[in-house]
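Notes follow once the structure below has been shown.
These numbers come from a predicted model, not from an experiment.
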Amino acid sequence: METITKDQGEKMDLIYIVEDESDILELLQMEIGAAGYRTLGFERAQVMLEALQSEAPRLIVLDLMLPDIDGLEVCKRLKANAQYKTIPIMMLTARSDLEDKVKGLEYGADDYITKPFEARELIARIKAVIRR
């Protein structure tokens with residue numbers, strides 16, 4: 001995979017996006033890419049977990065309702081793995097129930113955003129998580 005670089009010659013931060021709805025995945029890649037980040041999109045959690053072995057991202061945007069592995073389980077697995085536990089995870093999901101939000105944060109998510117979302121807020125939150 002070719003690395004895209006900024007004008008200054010710096011390597012751009014890579015963000016993994018795990019979202020099973022292809023139209024939302026495409027929108028996320030477009031918005032996050034326009035903000036200056038490289039993105040890799042995945043419609044299945046298992047494919048993303050396998051890709052981690054090649055190149056770890058700076059941040060993972062993770063849907064909860066995925067067709068193969070529940071997003072909460074993915075978060076729990078990543079945070080239990082010494083190699084990946086420091087990768088920030090931002091949950092982006094239609095689950096807006098307080099219990100789901102609390103569970104996501106308790107499982108190790110660094111932020112939790114519900115759909116529908118505003119692209120500007122999402123980008124601001126991504127930048128804030130990356131700054132931490």
Side-chain angles (χ1 to χ4, degrees):
M1 169 173 54
E2 186 174 318
T3 301
I4 302 169
T5 56
K6 294 182 182 179
D7 291 339
Q8 303 90 344
E10 298 174 19
K11 184 176 175 183
M12 295 169 62
D13 285 328
L14 174 62
I15 297 178
Y16 279 7
I17 305 165
V18 189
E19 169 62 60
D20 64 322
E21 293 184 46
S22 58
D23 55 336
I24 296 175
L25 177 58
E26 187 176 320
L27 172 68
L28 288 167
Q29 287 190 279
M30 184 180 70
E31 293 290 344
I32 295 169
Y37 299 96
R38 288 187 304 137
T39 65
L40 276 179
F42 305 91
E43 293 185 8
R44 296 189 170 283
Q46 187 60 46
V47 179
M48 183 274 299
L49 292 170
E50 291 167 7
L52 281 171
Q53 298 169 15
S54 298
E55 182 178 11
R58 183 69 180 84
L59 176 125
I60 298 171
V61 176
L62 179 64
D63 188 11
L64 292 186
M65 296 180 285
L66 297 167
D68 56 348
I69 307 171
D70 181 76
L72 289 172
E73 178 63 26
V74 172
C75 183
K76 192 188 324 184
R77 287 185 194 180
L78 291 172
K79 294 303 178 177
N81 184 311
Q83 187 176 356
Y84 305 123
K85 70 180 181 181
T86 61
I87 299 172
I89 297 173
M90 177 178 289
M91 293 188 170
L92 178 64
T93 181
R95 290 188 195 170
S96 59
D97 187 74
L98 177 62
E99 188 62 35
D100 288 320
K101 291 178 184 179
V102 169
K103 202 180 285 186
L105 295 168
E106 287 178 344
Y107 280 25
D110 296 270
D111 202 352
Y112 193 107
I113 301 174
T114 56
K115 298 174 187 172
F117 60 93
E118 289 291 331
R120 287 179 47 212
E121 179 184 6
L122 174 68
I123 299 304
R125 287 175 177 253
I126 286 172
K127 290 178 179 179
V129 169
I130 287 175
R131 273 196 311 266
R132 289 184 203 144

Taking distance alone, no hydrogens or angles, what donor-acceptor pairs closer than 3.5 Å link side-chain atoms of residues 109-124 to residues at least two apart or in another chain?
from   : atom 1 : to     : atom 2 : distance (Å)
Asp110 : OD2    : Ile89  : N      : 2.9
Asp111 : OD1    : Arg125 : NH1    : 2.7
Asp111 : OD2    : Arg125 : NH1    : 3.1
Tyr112 : OH     : Arg95  : O      : 2.8
Lys115 : NZ     : Glu19  : OE1    : 2.6
Lys115 : NZ     : Glu19  : OE2    : 3.3
Glu121 : OE2    : Arg125 : NE     : 2.9
Glu121 : OE2    : Arg125 : NH2    : 3.0

Donor-acceptor pairs under 3.5 angstrom involving side-chain atoms of residues 26-34: please list them, not counting sequence neighbours.
from  : atom 1 : to    : atom 2 : distance (Å)
Gln29 : NE2    : Thr39 : OG1    : 3.2

Counting only pairs under 3.5 Å, give me each side-chain donor-acceptor contact of residues 96-106, with atom names and distances, residues two or more places apart or in other chains.
from  : atom 1 : to    : atom 2 : distance (Å)
Asp97 : OD2    : Glu99 : N      : 3.0

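Listed here is the closest heavy atom pair of Val129 and Pro88: CG1-CB, 3.4 Å. Of all the heavy atoms in Cys75 and Gly108, the pair that sits closest is SG-C, 3.9 Å. Scanning all heavy atoms of the two residues, the minimum distance from Leu52 to Pro57 falls at CD2-CD, 3.4 Å. Taking both residues in full, the closest heavy atoms of Gly36 and Met12 are given as O-CE, 2.7 Å, listed atom of the first, atom of the second, then distance. Scanning both residues, Gln46 and Arg77, for their nearest heavy atoms gives OE1-NH1, 4.4 Å. When every heavy atom of Lys79 is checked against every heavy atom of Tyr107, the shortest pair comes out as CG-O, 3.6 Å.
Val18 pairs with exactly one of Ile69, Asp63, Leu66, Val74 by the side-chain contact (heavy atoms from CB on, under 4.5 Å) rule, that one being Leu66.
Side-chain contact between Ile17 and Phe42: absent, with no pair of heavy atoms (C-beta onward) separated by less than 4.5 Å. Between Leu14 and Glu55, the closest side-chain pair of non-hydrogen atoms falls below 4.5 Å.
Residues Leu92 and Ile126 share a hydrophobic cluster, clusters being chains of Ile/Leu/Val/Met/Phe/Trp/Tyr side chains in contact below 4.5 Å. With hydrophobic clusters built from ILVMFWY side chains whose heavy atoms lie under 4.5 angstrom apart, Ile60 does not share a cluster with Met90. A chain of hydrophobic side-chain contacts below 4.5 Å, direct or via other Ile, Leu, Val, Met, Phe, Trp or Tyr residues, connects Met91 to Tyr84. Follow the hydrophobic side-chain contacts under 4.5 Å out from Met65 and you never reach Leu72; the two are in separate clusters. Residues Tyr16 and Val61 fall into different hydrophobic clusters, defined by Ile, Leu, Val, Met, Phe, Trp and Tyr side chains chained together at heavy-atom separations under 4.5 Å.
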Run the numbers on Ile87 and Leu59 for side-chain contact (heavy atoms from CB on, under 4.5 Å), then give the verdict. CA-CA 6 Å; Ile87 299 172; Leu59 176 125; 5.6 Å; no
Tyr37 and Ile130: side-chain contact (heavy atoms from CB on, under 4.5 Å), yes or no, with the steps? CA-CA 11 Å; Tyr37 299 96; Ile130 287 175; 3.6 Å; yes
Is there a side-chain contact (heavy atoms from CB on, under 4.5 Å) between Leu25 and Glu43 once you walk through the steps? CA-CA 8 Å; Leu25 177 58; Glu43 293 185 8; 3.8 Å; yes
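Applying the side-chain hydrogen bond (donor to acceptor under 3.5 Å, both in side chains) criterion to Arg58, with sequence neighbours excluded, gives no partner residue. With sequence neighbours excluded, the residues forming a side-chain contact (heavy atoms from CB on, under 4.5 Å) with Gln83 are Asn81, listed by chain and number. With sequence neighbours excluded, no residue forms a side-chain hydrogen bond (donor to acceptor under 3.5 Å, both in side chains) with Asp68.
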